[in-house]
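See structure below.
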Amino acid sequence: MIKIRLIILAFLQKFFGLINKVPIIAPLFHYITLLFSGLVRLNSGNSPLINSNKLKKQLLLYEFEGCPFCRLVRETLSLLSIRVVIYPCPRETLKKYGYLEKSRFRPIVKDLGKKVMFPYLIDPNTQKSMYESRDIINYLWEEYGKGLKKPFLYRVANKKLYFFISSLFHGFLRPLPQMGILRTPSKLPEKLLELWSKEHDPKAKRIREALCTLEIPYILHHGPEEKSGTLKDPNNGLVMNSAEQSVDYLFKTYQVSATTDESFLHYGKND
Ligand SMILES: N[C@@H](CCC(=O)N[C@@H](CS)C(=O)NCC(=O)O)C(=O)O
């Protein structure tokens with residue numbers, strides 16, 4: 001069963017890799033797959049419930065875009081409208097689980113929590129830190145969402161069976177290494193970039209994938225101050241509203257060498 005999934009993923013990786021090189025078709029392909037990756041999750045994380053941007057200290061989340069468990073946590077942050085600093089930890093290789101050597105932020109998680117597993121949340125307001133997506137979600141509701149009603153679609157999307165099915169699509173729809181799966185060596189910007197994002201929004205997801213692949217830390221906002229998909233880079237005084245333009249800018253400005261390129265056929269837990 002797992003082997004079949006990996007063969008399908010490797011096929012899609014090749015196929016999408018080819019499509020991604022065709023200038024007219026590529027943007028359409030991105031739009032459709034990004035749109036479906038939100039729909040498959042029932043646009044969970046849409047319609048913010050509160051605005052807790054007034055939090056004394058910002059939460060910190062170590063995660064990566066290609067990880068379905070991390071998505072669960074971001075959906076909840078988006079729904080509760082909690083601002084968070086994202087430290088992207090894409091994989092260095094598909095071959096080994098929990099591997100780190102050159103990663104920018106993975107070593108921090110290993111030092112702090114003793115495991116290389118994602119998502120990992122730190123809340124400096126309560127001095128709490130934790131692994132396990134379900135524990136993190138429960139914590140966020142308990143700490144920041146008390147008394148608020150969970151929307152129906154959010155509840156369905158969080159059911160274990162539904163999560164299992166949707167996480168298959170998560171990989172099938174966005175299978176390329178530079179979609180927040182494998183790292184690309186980059187320059188570390190001096191100041192944190194800022195992104196306004198609703199979790200299901202295709203534009204915002206495309207930009208998050210690029211920031212993740214490049215291991216660029218950023219403040220993830222969910223508030224109404226800017227439209228979802230707005231990226232600000234205070235290092236160059238730039239504000240961008242287009243996903244294509246932002247992704248292009250990020251790779252041109254910060255990439256220093258090639259993205260790790262591996263086939264899902266080499267995926268293993270630790271070989
Ligand atoms: N039960 C954990 C599972 C977390 C998990 O397996 N995360 C994977 C990514 S999807 C991971 O950290 N893999 C190690 C790696 O990517 O090297 C949760 O719900 O958070």
Side-chain angles (χ1 to χ4, degrees), residues 1-2 5-6 8-9 13 37 40-41 44-45 59-79 84 86-123 128-142 154-155 157-185 199 205 208-209 211-215 259-271:
M1 176 71 179
I2 290 173
R5 181 169 169 251
L6 293 179
I8 298 173
L9 272 167
Q13 212 181 9
S37 70
V40 160
R41 289 293 305 148
S44 188
L59 274 60
L60 317 177
L61 181 67
Y62 293 81
E63 54 85 73
F64 64 101
E65 207 46 51
C67 160
F69 300 99
C70 302
R71 176 158 189 140
L72 280 183
V73 172
R74 286 196 315 271
E75 282 174 0
T76 304
L77 290 165
S78 177
L79 189 66
V84 63
I86 298 282
Y87 291 99
C89 301
R91 289 178 83 129
E92 290 182 39
T93 174
L94 291 172
K95 294 175 200 159
K96 290 185 185 178
Y97 181 95
Y99 180 77
L100 59 94
E101 193 186 63
K102 299 182 186 136
S103 167
R104 184 167 280 154
F105 298 118
R106 287 186 162 222
I108 299 177
V109 175
K110 176 81 187 282
D111 279 358
L112 294 173
K114 309 294 169 229
K115 277 190 286 188
V116 185
M117 193 174 85
F118 308 93
Y120 181 68
L121 179 87
I122 302 177
D123 186 347
K128 289 206 170 124
S129 55
M130 66 198 84
Y131 291 104
E132 290 298 332
S133 49
R134 302 267 160 201
D135 292 349
I136 299 176
I137 291 168
N138 290 340
Y139 168 79
L140 291 170
W141 279 101
E142 189 64 27
Y154 171 88
R155 275 187 281 133
N158 274 277
K159 294 263 181 237
K160 283 202 174 126
L161 179 63
Y162 190 84
F163 168 67
F164 176 74
I165 296 165
S166 65
S167 60
L168 289 176
F169 282 96
H170 187 260
F172 289 161
L173 287 167
R174 304 292 291 165
L176 298 183
Q178 63 271 35
M179 291 170 171
I181 299 172
L182 290 171
R183 75 186 276 272
T184 295
E199 184 57 32
K205 176 160 169 57
R208 290 198 313 266
E209 287 176 352
L211 289 163
C212 177
T213 303
L214 290 160
E215 301 178 305
T259 307
T260 310
D261 191 15
E262 284 179 356
S263 164
F264 273 98
L265 287 176
H266 298 128
Y267 189 93
K269 280 289 178 193
N270 265 327
D271 41 275

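In listed order, ligands and their atoms are each counted from 1.
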*Record the part of Tyr97 in heavy-atom contact with ligand 1 below 4.0 Å; permitted values are side chain, backbone, both and neither.*
both

Proximal atoms of ligand 1 relative to [X] (non-hydrogen, under 4.0 Å):
X      : value
Ser133 : 18 (C), 19 (O), 20 (O)
Val116 : 14 (C)
Pro119 : 20 (O)
Cys67  : 9 (C), 10 (S)

*Can Arg134 be said to touch ligand 1, with heavy atoms closer than 4.0 Å?*
no

_Between ligand 1 and Tyr131, can you find any atom pair, the residue atom being a heavy atom, that is separated by under 4.0 Å?_
no

Counting only nitrogen or oxygen atoms and a 3.5 angstrom limit, does [X] reach ligand 1?
X      : answer
Met117 : no
Arg106 : yes
Gly98  : yes

*Which is it for Lys205 and Glu65 under the side chain to side chain contact (heavy atoms under 4.5 Å, CB included) test, yes or no, and what are the steps along the way?*
CA-CA 8 Å; Lys205 176 160 169 57; Glu65 207 46 51; 3.1 Å; yes

_As a quick check of understanding, evaluate side chain to side chain donor-acceptor pair (under 3.5 Å) for Thr184 and Gln178, giving each step before the final call._
CA-CA 8 Å; Thr184 295; Gln178 63 271 35; over 6 Å; no

*Aromatic rings Phe169 and Phe172: how do their planes relate, parallel, tilted or perpendicular, breaks at 30° and 60°?*
perpendicular

*Return the option from Tyr120, Phe64, Phe118 holding the heavy atom at the smallest distance from atom 12 (O) of ligand 1.*
Phe118

*Considering only protein heavy atoms, which is closest to atom 1 (N) of ligand 1, and at what distance to one decimal place?*
Glu132 OE1, 2.8 Å

_Lys NZ or Arg CZ of Arg134 over Phe163 ring: under 6.0 Å, within 45°_ = yes

*asked:* Check whether Tyr131 forms a cation-pi arrangement with Lys115 (NZ or CZ under 6.0 Å from the six-membered ring centre, at most 45° off the ring normal).
replied: yes

*Have a look at Phe105 and tell me which of Phe64, Phe118, Tyr87, Tyr120 forms a ring pair (Phe, Tyr, Trp, His ring centres under 6.0 Å) with it.*
Tyr87

*Please assess Val116 against Tyr99 for the test side chain to side chain contact (heavy atoms under 4.5 Å, CB included), listing each intermediate value before the final yes or no.*
CA-CA 7 Å; Val116 185; Tyr99 180 77; over 6 Å; no

*Pro177 side chain near Thr260 side chain, heavy-atom distance below 4.5 Å*: no

